Amino acid sequence: MMEFVKQTRVSGEIYLVTPDSKRLRKFRLYTGAPILVNFKSHPYKDREVIEWYSRLQLAQGFYGEGCRVLGELRDRYRITHVVLEREQFDWGCEGLEELFRDEHYGVYRVGAWLPSPY
């Protein structure tokens, strides 16, 4: 999956990956693709910590509850891609286009047709 992202990424894309996944800690470094947030890398300035925590809460909400916050993630943070783990493949989120899938992960493009929460 990471090799697919590394080979196909383009400037301006932002990936949403499970923020506390130990298996995806090297995603950003290996692929060169920017991610919305992760648990391991956090800022130290007060205002930046607040923004980081807001991103973390929203990302954890997506991976914990499913598709409900996908439109907000797209509109608020301009995420373009989502990485799902095998147990999440059957979520069927409206607005996700599958680009790649192996036995462990799937990579999905976030569509512009996704309903906005605003």
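What you see is a predicted model, and the numbers here were worked out from it, not measured in a lab.
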*Using distance alone, with no hydrogens and no angle criterion, decide if E72 and Y77 have a side-chain donor and acceptor under 3.5 Å apart.*
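The answer is no; no qualifying pair exists.
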
*Can a salt bridge be assigned to the pair R55 and E51 using a cut-off of 4.0 Å between side-chain N and carboxylate O?*
yes

Beyond-backbone contact of [X] with [Y], side-chain heavy atoms, under 4.5 angstrom:
X   : Y   : value
L56 : D20 : no
L99 : H81 : yes
N38 : R25 : no
C67 : E94 : no
Y63 : L84 : yes

*Single-linkage hydrophobic cluster, 4.5 Å side-chain cutoff, V82 and F27 together*: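 No, because V82 and F27 fall into different hydrophobic clusters, even though each may have its own neighbours under 4.5 Å.
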
_Show every side chain to side chain donor-acceptor pair (under 3.5 Å) that has at least one partner inside residues 8-19, sequence neighbours left out._
E13-Y15

_If we ignore hydrogens and angles and just use 3.5 Å, is the side chain of R78 paired with the main-chain N or O of D75 as donor and acceptor?_
yes

*Backbone N/O of S54 and side chain of Q57: donor-acceptor pair under 3.5 Å*: no

*Report the C-alpha separation of L24 and Y105 in whole Å, then their side-chain angles, then the decisive distance to 0.1 Å, and conclude whether the side-chain contact (heavy atoms from CB on, under 4.5 Å) test is met.*
CA-CA 10 Å; L24 294 177; Y105 297 100; 3.9 Å; yes

_Please verify the inter-ring angle class for F62 with W91; under 30° counts as parallel, over 60° as perpendicular, anything in between as tilted._
perpendicular

